[in-house]
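Okay, handing you the structure first.
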Amino acid sequence: MTVVAPHQPAYLPWLGYLARAVEADVFLLLDHVQFCERGWQNRNRLLIGGRPRYLTVPVHRAGRFPQALNEVRVVDAEGWRRRHLRTLDAALGRGRHWEQVRDELVRPMLALESDLLVDITQVFFENCLRALGISCRVVRSSALELGGTRAAGMLVAAARQLGAARVVVGEGSRRYLGELPAVVDGVAIAVSRFRHPTYPQRESSRFVDALSCVDLLARVGVGEASRMLSESVSGEPSP
């Protein structure tokens, strides 16, 4: 049974985002939906000085809202990239595996010759999937015929076009989808049972969760991270 996991594109996404790909055969990037300011589409959190801090990609705003995610363009195409690399080096430089993560995952993203936010986020995400050995195909929603469908109807329409019989959504999706029935027009809809793994963070006296995935990758390496992600979704998704 083909399983699809829909989610908006995200910058340096958190572990729950990657875990959704572990559960799915197809990861549907919802790039046709509206960009949300102060969301996760152009920012994420790092542990800096023992506290979580935001790392944000600057995007063009004036006179451009509302706009679809696949229309969002970054500001100062080179300057922010240098700043982000410096910040990541400072935050994660003591991690045993940071150099590998930086050179194989972060640098290719920052070197991408595109000012479209979705291009930048997608190349990092797909590189992460390959490094972690996650065999999940990535498809953009803008490549499908979804028309004006919304919420559960959009998920069902996408699933049918992708040949999927099951859709796995994140717990946070309840905020905008509401309580979802277990089956909609013959397509099963389930909520992921992601359980956040814990791991050593020397900079903090207590574990800080929901950081960018680069935090885990830099500290434990891609091999151990792959194992931890698999175990984090080992239970059956709940209806």
Side-chain angles (χ1 to χ4, degrees), residues 5 7-22 24 27-31 33 35-48 52-60 68-143 210-223 225-226 229:
H7 207 294
Q8 297 170 5
Y11 182 64
L12 300 178
W14 77 302
L15 296 177
Y17 192 97
L18 294 181
R20 297 271 298 287
V22 174
F27 195 100
L28 182 63
L29 285 177
L30 300 175
D31 70 320
V33 303
F35 174 72
C36 178
E37 288 196 82
R38 299 184 181 278
W40 302 105
Q41 298 151 354
N42 69 318
R43 68 175 184 171
N44 226 297
R45 305 194 314 163
L46 296 175
L47 194 61
I48 300 176
R53 306 281 188 181
Y54 286 107
L55 187 66
T56 304
V57 177
V59 299
H60 287 285
L69 265 166
N70 55 21
E71 299 172 342
V72 177
R73 296 185 181 275
V74 301
V75 178
D76 185 20
E78 294 182 0
W80 72 266
R81 299 170 198 249
R82 291 193 299 269
R83 292 193 298 272
H84 279 209
L85 187 56
R86 286 197 299 267
T87 300
L88 287 161
D89 275 333
L92 300 169
R94 296 176 65 187
R96 290 178 54 199
H97 304 273
W98 168 239
E99 287 190 9
Q100 179 187 6
V101 172
R102 179 190 61 200
D103 295 343
E104 296 181 7
L105 301 178
V106 176
R107 285 191 185 278
M109 173 192 69
L110 297 178
L112 187 68
E113 294 183 358
S114 174
D115 64 348
L116 287 171
L117 178 65
V118 68
D119 290 346
I120 294 165
T121 57
Q122 183 174 349
V123 73
F124 177 83
F125 179 51
E126 290 184 327
N127 285 343
C128 276
L129 296 186
R130 281 191 289 270
L132 292 164
I134 301 173
S135 56
C136 180
R137 181 164 61 99
V138 179
V139 175
R140 292 190 186 189
S141 62
S142 58
L211 299 172
S212 167
C213 63
V214 294
D215 188 76
L216 173 69
L217 293 169
R219 297 177 194 278
V220 306
V222 294
S226 179
L229 282 169

(request) Carefully, step by step, assess L29 and V138 under the rule side-chain contact (heavy atoms from CB on, under 4.5 Å). (result) CA-CA 7 Å; L29 285 177; V138 179; 3.6 Å; yes
(message) Looking at A68, is its backbone amide N or carbonyl O close enough to the side chain of E71 to form a donor-acceptor pair, meaning the two atoms are under 3.5 Å apart?
(response) yes
(message) Check whether N44 reaches the backbone of L12 with its side chain - one donor and one acceptor, N or O, closer than 3.5 Å.
(response) yes
(request) Specify the closest pair of heavy atoms between A131 and L105, including all atoms of both residues, with the distance to one decimal. (result) CB-CD2, 4.1 Å
(message) Looking at every heavy atom in both A225 and L216, which two are closest together, and how far apart are they?
(response) CB-CD2, 3.8 Å
(request) Please lay out, stage by stage, how L132 and V22 fare under the test side-chain contact (heavy atoms from CB on, under 4.5 Å). (result) CA-CA 10 Å; L132 292 164; V22 174; over 6 Å; no
(message) Distance check, rounded to the nearest 0.5 Å: S212 atom OG versus L47 atom CG?
(response) 11.5 Å
(message) Just verifying a value: how many Å separate D115 CG and I120 CD1, rounded to the nearest 0.5 Å?
(response) 7.5 Å
(request) Taking R81 for its side chain and L110 for its backbone only, find out whether a donor-acceptor pair lies under 3.5 Å. (result) yes
(request) Answer yes or no: is there a donor N or O on one side and an acceptor on the other, between the side chain of Q41 and the main chain of C36, under 3.5 Å? (result) yes
(request) Run through L85, V57, V59 and flag the one making a side-chain contact (heavy atoms from CB on, under 4.5 Å) with W80. (result) V57
(request) Taking all non-hydrogen atoms of both residues into account, name the closest pair between N70 and S142 and its distance. (result) ND2-CB, 3.5 Å
(request) Give the intermediate values and the outcome of side-chain contact (heavy atoms from CB on, under 4.5 Å) for residues L55 and I48. (result) CA-CA 10 Å; L55 187 66; I48 300 176; over 6 Å; no
(message) Taking CZ in R43 as the centre, count heavy atoms belonging to other residues, nucleotides or ligands within less than 6.0 Å. Is the count above 12?
(response) yes
(request) Just jot down the side-chain hydrogen bond (donor to acceptor under 3.5 Å, both in side chains) partners of E126, sequence neighbours excluded, or say none. (result) Q122
(request) May I have the step-by-step check of salt bridge (charged side-chain N to carboxylate O under 4.0 Å, His left out) for D76 and R82, ending in yes or no? (result) CA-CA 10 Å; D76 185 20; R82 291 193 299 269; 5.8 Å; no
(request) List in chain and number order the residues that pass ring-ring contact (aromatic ring centres under 6.0 Å, His included) with F27, two or more places apart in sequence or in another chain; answer none if no residue qualifies. (result) Y17, F125
(message) Just verifying a value: how many Å separate L69 CG and L30 CG, rounded to the nearest 0.5 Å?
(response) 8.5 Å
(request) State the CG-CZ distance between L229 and R20, to the nearest 0.5 angstrom. (result) 13.5 Å
(message) Is there a side-chain contact (heavy atoms from CB on, under 4.5 Å) between L88 and V106? Walk through the geometry before answering.
(response) CA-CA 9 Å; L88 287 161; V106 176; 3.9 Å; yes
(request) With sequence neighbours excluded, give me every salt bridge (Lys or Arg N to Asp or Glu O under 4.0 Å) pair touching residues 212-222. (result) E203-R219, D215-R219
(request) Write down the atom of A21, the atom of L129, and the distance for their closest heavy-atom approach. (result) CB-CD2, 3.7 Å
(message) In the structure I gave you, are the side-chain heavy atoms of N42 and V74 within less than 4.5 Å of one another anywhere?
(response) no
(request) Search all heavy atoms of A218 against all heavy atoms of V101 and return the closest pair with its distance. (result) N-CG2, 4.0 Å
(request) Indicate the atoms forming the closest heavy-atom contact of P52 with L211, along with that distance. (result) CB-CD2, 4.1 Å
(message) If the condition is ring-ring contact (aromatic ring centres under 6.0 Å, His included), which residues does Y11 pass it with, not counting sequence neighbours?
(response) H84
(message) With side-chain contact (heavy atoms from CB on, under 4.5 Å) as the test, pick out the partner of S114 among V118, L116, L117.
(response) L116
(request) Could you list all the salt bridge (Lys or Arg N to Asp or Glu O under 4.0 Å) pairs where at least one residue sits in residues 98-108, not counting sequence neighbours? (result) D89-R102, D103-R107
(message) Please enumerate all residues that pass side-chain hydrogen bond (donor to acceptor under 3.5 Å, both in side chains) together with S226, with sequence neighbours excluded.
(response) none
(message) Within this structure, what is the CG-SG distance for the pair L15 and C213, rounded to the nearest 0.5 Å?
(response) 6.5 Å
